[in-house]
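This report concerns only the one structure given below.
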Amino acid sequence: MNSLRCPCLRMLLVNNASRRSSEFLTSTALRRSLVPQVHPLQLRHVSTRGPRPKTAIFFPGQGVQKVGMLTPWIEAFPATATPIVQEIDHIVGYKLSEVIQEGPGRVLSMTPNAQPAIMATSILILRILEKEFGFKTAERADFTLGHSLGEFAALVSSGYIEFEDSLFMVQKRAEAMEAATKSAEAEYGGEYGMVAVVSEPEYMQSLISAIHEFVGYSSPGSKSESAEDRSPIDQVLIANINSKNQIVLSGNIARIKTLVAHVRQFLGHDPRAVRLKSDSPFHSPIMKPGVSVMRKILAGTSRVKGREDQDIVTWPGMVPCVSNVTARPFQSKADLKDLLARQCLETVQWWDSIRYLDQEQKVRRWVGIGPGKVGRNLVGKEVGMRGKDTVKGGGVWAITDPSEIEEVLRGLEETECIVDEE
């Protein structure tokens with residue numbers, strides 16, 4: 001590793017706060033979260049020079065929603081945020097912003113509200129970074145990815161799908177997923193949801209094998225076919241492989257409890273099981289109706305004004321985007337459409353995605369954009385970094401609040417000229 005200091009480093013982060021209006025400068029919100037601006041031309045100039053550490057931008061999935069999560073962004077950047085909030089409400093056809101801002105939490109956490117709310121908030125933050133700080137995904141990132149729902153934001157950020165089209169897809173997908181759960185409950189009874197299982201890393205592979213043996217089907221990318229002969233009440237599958245010591249099971253809760261008991265009895269190990277706050281068994285065969293909805297939308301054209309005669313997917317995009325299903329970048333337009341449609345019932349291969357980028361692609365800088373810090377914690381645990389790490393030549397950051405912008409942009413600039421000689 002050869003660390004070189006950029007000669008213009010001290011000129012990179014310029015505080016342009018004085019350019020803001022006097023009313024904004026005196027607001028209580030600003031005093032809480034004043035963030036210096038970076039001149040767009042300076043940021044673009046540096047981001048396009050010479051070799052730099054490979055960088056990945058990632059986006060969060062369901063579960064990070066929080067009442068009021070738009071407030072700090074609207075208060076800190078009203079001129080930029082307000083039109084985006086209005087656009088969000090227009091796309092979904094109701095005042096989603098009021099649900100986000102006022103709740104209550106149980107209403108925001110309902111799948112048809114939570115999924116569009118998280119995805120839209122993530123893109124709002126990205127748009128603020130673009131307009132206020134000159135941040136360009138195509139110039140800053142080598143890869144994008146998102147955890148489950150976050151994949152839709154990742155595809156927007158890297159230029160494959162327009163924001164309006166992606167948010168519409170998320171909304172219709174969420175409605176289909178909720179309807180599928182209610183249908184299973186009405187026809188078969190039982191309770192459905194998701195349970196995180198935490199194990200010591202040395203037990204993880206045997207734990208996954210034991211679960212595959214117990215449920216009777218395991219081949220990647222085949223849930224929609226392999227579970228067809230089982231009623232929903234008998235279905236339980238691995239929804240997420242999040243890290244070296246955590247997976248998530250999805251399906252009938254009673255069946256999951258039986259499975260965990262089986263593992264404890266026959267594996268000689270006692271993994272910790274934690275029920276997640278999820279009203280649906282995501283990434284299980286119960287979600288199959290969502291695949292049909294997605295395929296229909298992806299087969300059509302864009303909803304964006306002026307693009308109505310164009311394919312909903314643009315290929316190629318600006319930056320490679322890693323699929324949740326394969327843990328590798330999408331390979332073609334057809335591949336993207338197929339995998340994105342199937343994603344709601346397939347296992348989220350998050351651990352493999354991070355290992356691929358870290359070990360094979362040598363990504364050294366990771367930036368999370370969106371509400372919550374779950375993604376940052378999962379990435380940081382796997383790659384062994386949190387914040388700036390000049391020893392490893394990069395860092396792991398998250399932008400969830402305006403007060404975090406300066407630290408992240410400064411960290412990116414201070415690691416910009418570190419060259420990995422491996």
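For this chain, numbers begin at 1 and follow the sequence in order.
Under 3.5 Å, the side chains of E178 and S280 contain no donor-acceptor pair of N or O atoms. With no hydrogens or angles considered, a side-chain donor-acceptor pair links S302 and D165 at under 3.5 Å. Between the side chains of R328 and S323, no donor-acceptor pair is found at a separation under 3.5 Å. Counting only N and O atoms by type, the side chains of T400 and K373 include a donor and acceptor under 3.5 Å apart. Using modelled atom types and a 3.5 Å distance limit, the side chains of Y356 and Q361 yield a donor-acceptor pair. When only modelled atom types and interatomic distance are considered, T80 and E132 share a side-chain donor-acceptor pair under 3.5 Å. Side chains of Q343 and R173: a donor on one and an acceptor on the other come within 3.5 Å. No hydrogens or angles considered: nothing links the side chains of H283 and T347 as a donor-acceptor pair under 3.5 Å.
Using bins of under 30°, 30° to 60° and over 60° for the plane-to-plane angle, the ring pair Y160/W315 lands in the tilted bin.
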Walk me through it: do W397 and E404 pass the test side chain to side chain donor-acceptor pair (under 3.5 Å)? CA-CA 9 Å; W397 301 273; E404 296 165 327; over 6 Å; no
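Side-chain atoms of D142 come within 3.5 Å of backbone atoms of T55 as a donor-acceptor pair (strictly under, hydrogens ignored).
Annotation for K333: atom NZ counts as buried by contact number, over 12 foreign heavy atoms lying within 6.0 Å.
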